[in-house]
Number of protein chains: 2
Amino acid sequence: MRNAEFDRQAVLRAAMRAFLVKGYAKTSMADLTKATGLHPGSIYCAFENKKGLLIAAIGQYHDDRSAQFQQLFANNNNPLHNLKAYLDGIVQECLSCDATQACLLTKALSEVGEQDEDIHQLIHRNLHAWQQGIEQVLNMAKSQRLIPADTNSQVQAQFLMMGIYGLRTFGHTEPNAAVLQPLADKLFSSLLN
Amino acid sequence: MRNAEFDRQAVLRAAMRAFLVKGYAKTSMADLTKATGLHPGSIYCAFENKKGLLIAAIGQYHDDRSAQFQQLFANNNNPLHNLKAYLDGIVQECLSCDATQACLLTKALSEVGEQDEDIHQLIHRNLHAWQQGIEQVLNMAKSQRLIPADTNSQVQAQFLMMGIYGLRTFGHTEPNAAVLQPLADKLFSSLLN
DNA sequence: TCCTTTCTTGAATATGCATTCAAGATAATC
DNA sequence: GATTATCTTGAATGCATATTCAAGAAAGGA
């Protein structure tokens, strides 16, 4: 009897970073062994193959981002304030020009989601959970009369998701606060009409 | 003396489709020879290498889309009407679930733009030209008092670009008119506030 | 018709890569 | 301490793939 030695979360976060920098197809197993510190045999033993490692990394990414999201909204502050801070945080990530701060879900969706049904469904589920988190925040804001009573929380949450996707794409071409911040502000103000 | 035999535009459109379906890295030269009908030697003679073919395909994509854009807005109809039709057309492309109707600029930006400076700059230029086309339409709408006089056309054009990027990403997860059309409508109505 | 130039062909090359596996190492159990 | 079950190691394997190049084909000019 013997237990596995490596720290699963640390390995998955390293793999996630590697996939974010080079994309799935261009990240070689050599890159992954270097990034994770694991030898090929260990990776195949733990995750079956390269695709299994991507799936596990996406799961870890979702867990990490969800925890971050819950934490940001866990206080009793004005939910709209929290949402504004959330959007501003995304702008900051775009400004960093750091590939490891990008969104693994949308990146993987674009590259492999169209070609692999397993991964497409996994990402779809994760993005949907994220959308429902935003929807809950909007319902809270509505019950506190911070946004119009006739707001359709689901559509508004979808609109915010759409805006966040677009903001991140825009950030790839213009990682510039003078450009991105007004866009994030305008997106936020769409809640108040 | 002898002239090249193949139709350059047809070849580039075929390559563009291949890249849209599988992505750049996963599209093999074998895929490209099959799609274009050209043999490897001819591709290397005409485009230098696989990356050169991608660059040429992106150029063709931009030319094709620009021509389509100009044509849609060339009539003397209400520019806002035309813009609405443009957004509705994008919704239709999303609904088709056809990878060849996706946007090669954003797809290539996501996959290779972060890794290759040549391609990043080319895509950046093309997306910027597209944004300026929208900006011109907004200026026309403003001069016809169809949108508020204090509209900042540049920011509004950026916001529309952002929305279009996001709409296409959203379409990958929910290719559903009941979801996408309200989002496009809400994006359009952001012009009128 | 013959010659020259240019284009086309596709097999060969060389490299890179995902995956496997058998030997070695380590921890728990007796 | 011996035994056993499990984990780790990393070189070997076989396949996929980007690129090259020399021979073949076709067009224009003499």
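Keep in mind the model is a prediction, meaning the values are calculated, not measured. Each chain gets a letter, A, B and so on, in the order the sequences are listed, and its residues count up from 1.
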For this session: Kindly assign one of parallel, tilted or perpendicular to the pair A:Phe69 and A:Phe73, based on the angle between their ring planes and the thresholds 30° and 60°.
Result: tilted
Problem set entry | Where at least one partner belongs to residues 147-166 of chain A, residue pairs that pass side-chain hydrogen bond (donor to acceptor under 3.5 Å, both in side chains), sequence neighbours excluded | A:Asn139-A:Ser153
Seminar exercise, completed: By ring pair (Phe, Tyr, Trp, His ring centres under 6.0 Å), A:Tyr24 pairs with (sequence neighbours left out) A:Phe19
Exercise. What residues, two or more places apart in sequence or in another chain, satisfy side chain to side chain donor-acceptor pair (under 3.5 Å) together with B:Asp64?
Worked result: B:Arg13, B:Gln60
Problem set entry | Partner residues of A:Asp116 under the side-chain contact (heavy atoms from CB on, under 4.5 Å) criterion, sequence neighbours left out | A:Lys51, A:Asp118, A:Ile119
Seminar exercise, completed: B:Lys34 NZ to C:dT9 C1', in whole Å, measures 18 Å
Seminar exercise, completed: Whole-Å distance, A:Leu38 CG to C:dA18 P, equals 16 Å
Seminar exercise, completed: Its contact letters, B for base, S for sugar-phosphate only and - for none at protein heavy atoms under 4.0 Å, make nucleotides 11-19 of chain D read ------SSB
Exercise. Got a donor-acceptor contact below 3.5 angstrom from the A:Lys107 side chain to the A:Gly23 backbone?
Worked result: no
Problem set entry | side-chain contact (heavy atoms from CB on, under 4.5 Å) partners for A:Ser96, two or more places apart | A:Asp98, A:Gln101
For this session: Not counting sequence neighbours, which residues clear side chain to side chain donor-acceptor pair (under 3.5 Å) with A:Lys22? List them please.
Result: A:Asp31
Exercise. If only side-chain N and O atoms of B:His39 are considered, is one of them under 4.0 Å from the OP1 or OP2 phosphate oxygen of C:dG10?
Worked result: yes
So which protein nitrogen or oxygen atoms get under 3.5 Å of nucleotides 12-15 of chain C's nitrogens or oxygens?
none

Exercise. For the pair made of CZ in A:Phe19 and C1' in C:dA18, what is the distance, rounded to whole Å?
Worked result: 12 Å
Exercise. What residues form a side-chain contact (heavy atoms from CB on, under 4.5 Å) with A:Asn75, not counting sequence neighbours?
Worked result: A:Asn77, A:Asn82
For this session: Hey, could you give me each pair passing side-chain hydrogen bond (donor to acceptor under 3.5 Å, both in side chains) that has a residue in residues 168-181 of chain A? Not counting sequence neighbours.
Result: A:Asp88-A:Gln181, A:Glu93-A:Arg168, A:Gln181-A:Asp185
Seminar exercise, completed: By side-chain contact (heavy atoms from CB on, under 4.5 Å), A:Leu95 pairs with (sequence neighbours left out) A:Val91, A:Gln92, A:Ala177, A:Leu180
Exercise. Considering only heavy atoms, which members of residues 110-119 of chain B lie under 4.0 Å from some atom of DNA chain D?
Worked result: none
For this session: To the nearest Å, give me how far apart CD1 (B:Ile43) and P (C:dT8) are.
Result: 12 Å
Problem set entry | For atom CG of A:Asp7 and atom C1' of D:dT8, their distance in whole Å | 17 Å
